[in-house]
Enquirer: 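One structure, pasted below without further comment.
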Protein chains: 2
Amino acid sequence: MDIVQQIRDKGLKATPARQLVYGELTRSHMAFSHAELEALFIDMDRVTLYRILKDFEDAGLVHKVFDTQGSTRFAICHHTCPGKHHAENHVHFNCNDCGKMFCLQAVQTPEINIPGGFKVAGMHTLIYGSCEKCNHQSETNFPVNKTDELIE
Amino acid sequence: MDIVQQIRDKGLKATPARQLVYGELTRSHMAFSHAELEALFIDMDRVTLYRILKDFEDAGLVHKVFDTQGSTRFAICHHTCPGKHHAENHVHFNCNDCGKMFCLQAVQTPEINIPGGFKVAGMHTLIYGSCEKCNHQSETNFPVNKTDELIE
DNA sequence: TAAGTAAATGCAACAATGTTGCGTTTAAGA
DNA sequence: TCTTAAACGCAACATTGTTGCATTTACTTA
Ligand SMILES: [Mn+2]
Ligand SMILES: [Mn+2]
Ligand SMILES: [Zn+2]
Ligand SMILES: [Zn+2]
């Protein structure tokens, strides 16, 4: 099913701006900050972008998450998305080096028991470290004890 | 050891404002938002409060966490705190009803395996639901199938 | 394919949150 | 008590997000 139809199926008009945003989010499986999207679509109005993301979120097309800096990010909802609380069923990874954030769709949030009278509704799991690309780059920049072919 | 000495031990002056903030954070084991602290200390300058929290964080007296809304919160570091990354070794609970956030010092962040080339440095675990107090209140307000003594 | 309409956009203004610079005050050691 | 680096208070600014309103546009229906 194409992007235009996916947007329309949620009762939203498939405007050019929406197609651009939804297209970008669909192609990569990353969680984008507002700043990142603004940089990608330089002539898109700031407020329009806020509203597009809000509308997408309400429609269940994207989910909102916060990175290790507390900044808001948006990512596409996987097709197996149960709806509004999609973001809560999988783990997110935030790279300390490049700052990018990834949805690890395949990794479910773990089970956890907590004491006291707390009634658990859900959880957010945010893992941080360095992504594959940044791992490689740091190895390339500061080779320590590697064989030649690993340095590349 | 008293509050004044704990602040001084980190190389900070134990000013009245700092004693108030540190005292409050020490007594309760909650993670306070900036707004909550401003409300508690109405005649404390906004900027001073920001700087106190920043200094405490740098000194390892408190740790910064984000709640389910992405809002910044600060909580005391437990005495077994390993230092800068204290916040990462225990789980936090955020009440959906009253909005309060609790440090569950006794609950360690779980182990988790993720695929791909990601290099894990740590994780944040944020559980949400309703706290003990709010559980009770909702039972009191909307009694369904309870015995009398439970409704109280 | 033209017209009608609700939805979406663009712009300005505003609100909330956090930061910086700088002159004044104060905690703590001598 | 004196000295001084640290902390404070205030104003100004930056960033992020929201709201109101006039204009434009995507989609429906004729
Ligand atoms: Mn995600
Ligand atoms: Mn904590
Ligand atoms: Zn990276
Ligand atoms: Zn509560």
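Residue numbers start from 1 in every chain, and the chains themselves are labelled A, B, ... in the order their sequence lines are given, proteins ahead of strands. Any value given below was found using the heavy atoms of this structure, including those in side chains, with hydrogens, waters and symmetry copies removed.
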Enquirer: What about A:Arg46, does its side chain sit under 3.5 Å from the base of D:dG17 through a donor-acceptor pair?
Expert: yes
Enquirer: Considering only side-chain heavy atoms of B:Thr72, which listed nucleotide, C:dG18, D:dC27, D:dG17, is closest?
Expert: C:dG18
Enquirer: What's the CD1-P distance between B:Ile7 and D:dC8, to the nearest Å?
Expert: 10 Å
Enquirer: Would you find a donor on one side and an acceptor on the other, under 3.5 Å apart, between the side chain of B:Arg73 and the backbone of B:Asp67?
Expert: no
Enquirer: What is the distance from CD of B:Glu57 to P of C:dG18, rounded to the nearest Å?
Expert: 12 Å
Enquirer: For B:Val21, is there any backbone N or O sitting under 3.5 Å from a side-chain donor or acceptor partner on B:Glu24?
Expert: no
Enquirer: Over all heavy atoms of both residues, which pair between A:His90 and A:Thr109 is shortest? Give the atoms and the distance, please.
Expert: O-CG2, 3.7 Å
Enquirer: Using 30° and 60° as the class limits, which term best fits the ring planes of B:Phe56 and B:Tyr22: parallel, tilted or perpendicular?
Expert: perpendicular
Enquirer: Relative to the 5' end of DNA chain C, which residue comes earlier, A:Ala17 or A:Val47, by the nucleotide with the nearest heavy atom?
Expert: A:Ala17
Enquirer: Tell me: CG of A:Leu53 to C1' of D:dT18, nearest whole Å?
Expert: 14 Å
Enquirer: Given C:dT26, is OP1 or OP2 found less than 4.0 Å from the side-chain N or O atoms of B:Thr15?
Expert: no
Enquirer: I'd like to know if A:Arg51 reaches the base of D:dG17 with its side chain, counting only an N/O donor and acceptor under 3.5 Å.
Expert: no
Enquirer: For B:Lys13 and C:dA27, give me the distance from atom NZ to atom C1', rounded to whole Å.
Expert: 4 Å
Enquirer: Of B:Lys54 and A:Leu12, whose closest DNA chain C nucleotide lies nearer the 5' terminus?
Expert: A:Leu12
Enquirer: How about B:Asn113: does its CG atom have over 12 heavy atoms from other parts shown lying under 6.0 Å from it?
Expert: no
Enquirer: In this structure, how many angstroms lie between the C1' atom of C:dT9 and the CG atom of A:Leu20, rounded?
Expert: 14 Å
Enquirer: Between A:Pro16 and A:Ser71, name the one whose nearest nucleotide on DNA chain D is closer to the 5' end.
Expert: A:Ser71
Enquirer: Return the value, rounded to whole Å, for the distance between atom CD of A:Glu38 and atom P of C:dG10.
Expert: 13 Å
Enquirer: Once you round it to whole Å, what is the distance between C1' of D:dT15 and OH of B:Tyr50?
Expert: 12 Å
Enquirer: When the distance from CG of B:Leu49 to P of D:dC10 is rounded to whole Å, what number comes out?
Expert: 15 Å
